[in-house]
Amino acid sequence: MIKRLHIYAGNLFGGIETLLISLAKEDVFSSLMIGHFALCFEGRLANQLRTIDASKVCMLGEVKMSRPLTVIRARQKLKELLERENFDVVICHSFWPQVIFGPVAKAQELPLVFWCHDIPNGNHWLERLAKRVRPDVVIANSLYTLQAVPKIYPQTRGIVLYHPLAAPSFKDSLSIRHALRLELNTPENAVVIIQASRLERWKGHSLLSV
């Protein structure tokens, strides 16, 4: 069994948070992998993870890089967690936790994985700091993302892992569709476009066609 620790801030809610919740749900069906989650901020992500299994959620405390004492305290909590639990791998999601907590995992001589969810350019101050914390492996959410990773980690092996999302099981999809259209006051024959990402150019909205 592989026991992994996912580290993330937890104060937002979007694609990364959806991924972490999906991983927590799918662990129920796996006897080979078990995931724990270390977060800094209370919020929707922490609450939803607790509804799945509260015992696998650890709060490291709120961290602001402008306040070094909050960083020191959170790192100490992570160090105690890693010494207490027998994790096989630590996974940092995005550059912020990589910078703050990656050094703790390396000091404990645990395999460190950086899961890249965004396109790095190598110029942002967080990315420049992250260059100092080299992971053992980089996971990218797409081939496009992976091609940009060498700007930060040119000599680190990278792989693509698409976000695993379990397909929902709808017993009566037509009635659900009808009820949702009523809720949104949308006629049955109207075209509905779902916006599932931020309105940023590199998300590829210009490639969409109806």
Side-chain angles (χ1 to χ4, degrees), residues 2-24 33-41 45 58 60 63-66 68 70-72 74-79 81-83 85-165 197-198 200-204:
I2 298 176
K3 189 175 181 180
R4 63 193 193 277
L5 178 66
H6 297 272
I7 305 180
Y8 191 55
N11 55 336
L12 300 174
F13 200 91
I16 300 176
E17 292 78 5
T18 303
L19 164 69
L20 294 175
I21 291 171
S22 298
L23 292 175
M33 301 187 72
I34 180 170
H36 290 242
F37 304 87
L39 308 174
C40 292
F41 297 91
L45 176 60
C58 176
L60 301 175
V63 174
K64 291 186 177 180
M65 296 188 70
S66 59
T70 65
V71 176
I72 293 172
R75 283 177 169 174
Q76 180 60 33
K77 285 187 178 180
L78 176 61
K79 179 177 180 291
L81 176 65
L82 296 180
E83 290 175 345
E85 302 285 346
N86 295 318
F87 291 111
D88 297 295
V89 61
V90 173
I91 306 172
C92 290
H93 294 261
S94 79
F95 290 109
W96 190 84
Q98 176 77 1
V99 169
I100 295 175
F101 299 111
V104 181
K106 294 182 74 69
Q108 295 295 312
E109 299 184 345
L110 285 170
L112 176 63
V113 175
F114 172 65
W115 199 320
C116 190
H117 300 271
D118 213 336
I119 308 299
N121 58 34
N123 297 323
H124 192 277
W125 64 271
L126 264 178
E127 295 176 3
R128 293 198 299 269
L129 289 175
K131 290 180 181 180
R132 306 175 185 178
V133 189
R134 182 180 172 184
D136 297 288
V137 177
V138 173
I139 296 176
N141 61 358
S142 70
L143 181 59
Y144 183 65
T145 300
L146 183 63
Q147 290 172 343
V149 168
K151 295 178 181 178
I152 310 298
Y153 301 119
Q155 298 180 345
T156 302
R157 183 170 68 92
I159 61 173
V160 174
L161 182 61
Y162 298 110
H163 286 193
L165 294 174
S197 65
R198 299 191 305 274
E200 295 187 15
R201 183 176 181 181
W202 62 269
K203 287 290 188 178

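These figures come from a predicted structure and were not determined experimentally.
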- Checking R132 side chain against V99 main chain: does a donor-acceptor pair fall under 3.5 Å? no
- Task: Before giving the answer on ring-ring contact (aromatic ring centres under 6.0 Å, His included), spell out for H117 and H93 the whole-Å C-alpha distance, their side-chain angles and the decisive distance to 0.1 Å.
- Result: CA-CA 7 Å; H117 300 271; H93 294 261; 5.2 Å; yes
- Would you call E127-K131 a salt bridge at under 4.0 Å N-O? no
- Query: Going through the checks in order, is the side chain to side chain contact (heavy atoms under 4.5 Å, CB included) test met by I91 and L112?
  - Reply: CA-CA 6 Å; I91 306 172; L112 176 63; over 6 Å; no
- Message: Please check: side-chain N/O of Y153 versus main-chain N/O of F114, any donor-acceptor pairing under 3.5 Å?
- Response: no
- Query: Do L129 and M65 pass the side chain to side chain contact (heavy atoms under 4.5 Å, CB included) test, and can you show the C-alpha distance, the side-chain angles, and the key distance before you say yes or no?
  - Reply: CA-CA 12 Å; L129 289 175; M65 296 188 70; 4.1 Å; yes
- Query: Can you find a pair of side-chain heavy atoms, one from W96 and one from C40, that are under 4.5 Å apart?
  - Reply: yes
- Under the side chain to side chain contact (heavy atoms under 4.5 Å, CB included) criterion, do W115 and I16 qualify, and how do the steps go? CA-CA 10 Å; W115 199 320; I16 300 176; over 6 Å; no
- Note on the structure: The reported gap from CG in N141 to CG in L19 (rounded to nearest 0.5 angstrom) is 9.0 Å
- Message: With a 3.5 Å distance limit and no angle check, can you tell me whether R75 reaches the backbone of I100 through a side-chain donor-acceptor pair?
- Response: yes
- Is the backbone of T18 close enough, under 3.5 Å, to the side chain of S22 for a donor and an acceptor to pair up by distance? yes
- Message: Is it the case that the side chain of K64 and the backbone of V71 share a donor-acceptor pair, with hydrogens and angles ignored and the cut-off at 3.5 Å?
- Response: no
